[in-house]
There are 2 protein chains.
Amino acid sequence: MKKKEKKPEFEKYEYSAAAVDLVIFAIINGELNTLLIKMKYKPFQGELALPGGRIRVYESVDECAKREIKEKVGINNIYVEQLYSFGDIKRDPSIRIISISYLALIDNTDNIKLKTTEKYEEICWMPVNKVHKLAYDHNEILKYALSRLKSKLIYTNIVCNLLPKKFSLSEMQRVHEIILDRKLDKRNFRKKVFSLDLIKEAGREEGVPHRPSKLYSFKTKKLMIVEMF
Amino acid sequence: MKKKEKKPEFEKYEYSAAAVDLVIFAIINGELNTLLIKMKYKPFQGELALPGGRIRVYESVDECAKREIKEKVGINNIYVEQLYSFGDIKRDPSIRIISISYLALIDNTDNIKLKTTEKYEEICWMPVNKVHKLAYDHNEILKYALSRLKSKLIYTNIVCNLLPKKFSLSEMQRVHEIILDRKLDKRNFRKKVFSLDLIKEAGREEGVPHRPSKLYSFKTKKLMIVEMF
DNA sequence: CTAGTTAGTGTTAACTATACACATAGTATC
DNA sequence: GATACTATGTGTATAGTTAACACTAACTAG
């Protein structure tokens with residue numbers, strides 16, 4: 001095989017460029033939400049897409065992902081994990097570009113101010129269940145991110161990145177139920193969580209019109225392999 | 001942040017180029033081997049490295065991985081899976097390049113003829129345990145590949161891609177023991193394998209100086225999630 | 001003080017994983 | 001052809017884990 005053949009429009013890019021696309025999840029109002037942007041220009045104008053951008057020459061791929069997150073949601077210290085690289089030739093119809101996708105988790109959206117950039121018309125949270133057609137191959141990326149999140153929820157303590165500093169066990173169980181999309185048994189859930197020794201007591205709820213729950217916090221947020229289910 | 005700043009030597013690549021690196025495993029003489037090449041030129045001359053190459057503009061990333069495999073080992077229909085993308089700025093000291101790594105498994109090296117290319121001095125199998133310093137960040141890639149293989153061995157039927165068409169249960173158990181690096185109980189192993197209903201009988205061994213084993217083959221080589229251990 | 005709401009708590013049964021030892025079917029050798 | 005050698009092939013009992021299940025407790029609102 002030789003270098004020069006086919007696809008004249010691609011010829012100017014001797015090798016392919018690379019970009020990062022982000023799947024940023026947060027639990028909002030009892031639903032799993034993901035951050036989406038509305039495209040302002042050209043081939044997907046007006047359509048929704050995952051946020052992302054080109055990798056610059058002076059930054060590593062991980063740094064690019066973190067920079068993009070910082071630009072969009074204004075924070076730095078959240079869980080970030082590389083997912084998969086999507087490399088079909090025509091995934092972007094205008095130029096050849098490889099997308100390295102990342103998963104990020106936000107534990108609390110209260111202080112998050114979304115920032116749009118020149119390139120986007122709008123940026124917003126959207127419940128994952130309500131996402132329909134996205135631009136590019138972003139539905140595939142989102143699906144991949146969801147399946148990764150589900151499996152890590154089962155065999156790691158990743159849930160700590162989706163809960164605020166202090167939380168009740170009911171909240172924690174709710175997060176599991178939302179993401180795994182099935183009911184869990186309350187007593188078995190609590191037994192399991194306690195047996196894993198991941199959390200410590202942190203006071204109790206106040207001002208609720210029913211029995212207040214005990215609050216807990218994670219002993220550590222370091223990712224660990226634990227059999228949750 | 002602006003596009004043009006720092007690192008003059010990188011400036012000519014407005015965005016980073018991408019390449020594929022391959023971790024090709026095979027069981028040879030009761031050991032897990034990986035395919036390595038010896039570098040012919042420049043920064044890592046004479047050192048060992050994983051085989052790989054640039055992604056061309058007219059091929060997808062997956063196609064690139066398959067082409068590279070075809071070029072090196074001459075075959076097409078083997079198990080291939082993307083692993084992870086390594087994107088540190090200086091991972092290749094000469095230019096900025098992102099490596100998308102792939103895992104490939106060869107079930108039988110009997111008919112494999114290794115082909116070197118102009119770029120390499122040599123290509124050879126090497127037992128994973130005997131691999132020392134590799135060029136670039138290839139030790140890290142190899143380590144990642146090994147851990148992926150181990151975990152897939154535990155929760156999928158991936159072992160079918162490391163066994164010849166017909167095999168004995170002892171052989172199969174040996175592959176697990178080699179990769180997981182621990183002894184397994186023969187009776188429990190067999191019980192498990194039979195209960196998963198993955199294999200069917202396929203004759204018996206001949207010409208061995210001891211009780212001949214029954215041979216089996218996989219009902220399907222399609223990757224399935226099964227709790228092996 | 002009653003109703004409403006969510007929190008919190010143990011036990012049993014079914015299933016799964018683990019530990020463990022000896023007889024069998026061949027070949028090679030004397 | 002008897003014996004030694006070698007790797008194959010097989011079952012059971014115990015410990016541990018998972019899954020199913022319903023009622024009392026603590027608080028607020030009216």
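Each chain gets a letter, A, B and so on, in the order its sequence line appears, and its residues count up from 1.
Under the 4.5 Å side-chain criterion, counting only non-hydrogen atoms from C-beta, A:L169 is in contact with A:I199. When side chains are defined from C-beta on, B:I55 counts as touching B:I100, because their heavy atoms get closer than 4.5 Å.
The separation between A:N188 atom CG and C:dT9 atom C1' is 12 Å, rounded to whole Å. Counting to the nearest Å, the P atom of C:dT18 and the CG atom of B:L184 are 10 Å from each other. One interatomic measurement links the two molecules: CZ of B:R182 to P of C:dA17, which rounds to 12 Å at whole-angstrom precision. If you measure from atom CD of B:E205 to atom P of D:dA7, you get 11 Å, rounded to the nearest angstrom. We find that CD of B:E206 is positioned 19 Å from P of D:dA7, with the value rounded to whole Å. Whole-Å rounding puts the B:K183 NZ to C:dA19 C1' distance at 15 Å. Atom CD in B:E227 sits about 11 Å away from atom P in C:dT16, given to the nearest Å. Separating the CZ atom of A:F194 from the P atom of C:dG10 is a distance of 11 Å, rounded to the nearest angstrom.
In this structure, a donor-acceptor pair under 3.5 Å is present between the side chains of A:Y102 and A:D62. Using modelled atom types, one finds no donor on one side chain facing an acceptor on the other under 3.5 Å when comparing A:D88 with B:S60. Between the side chains of A:D21 and A:S99, at least one donor N or O lies within less than 3.5 Å of an accepting N or O. B:Y79 and B:E81 are linked by a side-chain donor-acceptor pair at a separation below 3.5 angstrom, with hydrogens and angles left out of the test.
The side-chain hydrogen bond (donor to acceptor under 3.5 Å, both in side chains) test applied to B:E171 returns no partner, not counting sequence neighbours. Contacts of B:R190 classified as side-chain hydrogen bond (donor to acceptor under 3.5 Å, both in side chains), with partners at least two apart in sequence or in another chain: B:S170.
Using a 4.0 Å cut-off between charged side-chain N and carboxylate O, A:K221 and A:D107 make a salt bridge. Classification of B:E63 and B:R67 as a salt-bridged pair fails, no side-chain N sitting under 4.0 Å from a carboxylate O. Salt bridge B:K214/B:E201: present, at least one basic N to carboxylate O contact under 4.0 Å.
For B:F167 and B:F218, the distance between ring centers is under 6.0 angstrom.
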Summarise protein proximity over nucleotides 25-30 of chain C in one line of letters, 5' to 3': B for base, S for sugar-phosphate only, - for none, counting protein heavy atoms closer than 4.0 Å.
BBS---
Any chance you could lay out the side chain to side chain contact (heavy atoms under 4.5 Å, CB included) test for B:I24 and B:I106, step after step, and finish with the verdict?
CA-CA 7 Å; B:I24 308 178; B:I106 290 184; 3.7 Å; yes
List the steps and the verdict of side chain to side chain contact (heavy atoms under 4.5 Å, CB included) for A:E71 and A:E68.
CA-CA 5 Å; A:E71 285 174 13; A:E68 298 274 351; 4.2 Å; yes
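Listed by residue number, the members of residues 165-179 of chain B with any heavy atom below 4.0 angstrom from DNA chain C form an empty set. The stretch residues 151-159 of chain B has no heavy atom under 4.0 angstrom from DNA chain D at all.
Proximity of A:R190 to the phosphate of C:dG8: a side-chain N or O atom is located under 4.0 Å from OP1 or OP2.
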Scan nucleotides 13-16 of chain D against the protein and return all N/O pairs shorter than 3.5 Å with their distances rounded to 0.1 Å.
none

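Heavy atoms of A:K186 sit under 4.0 angstrom from at least one base atom.
Positionally, the nearest nucleotide of DNA chain C for A:S213 lies more toward the 5' end than for the other of A:D185 and A:S213.
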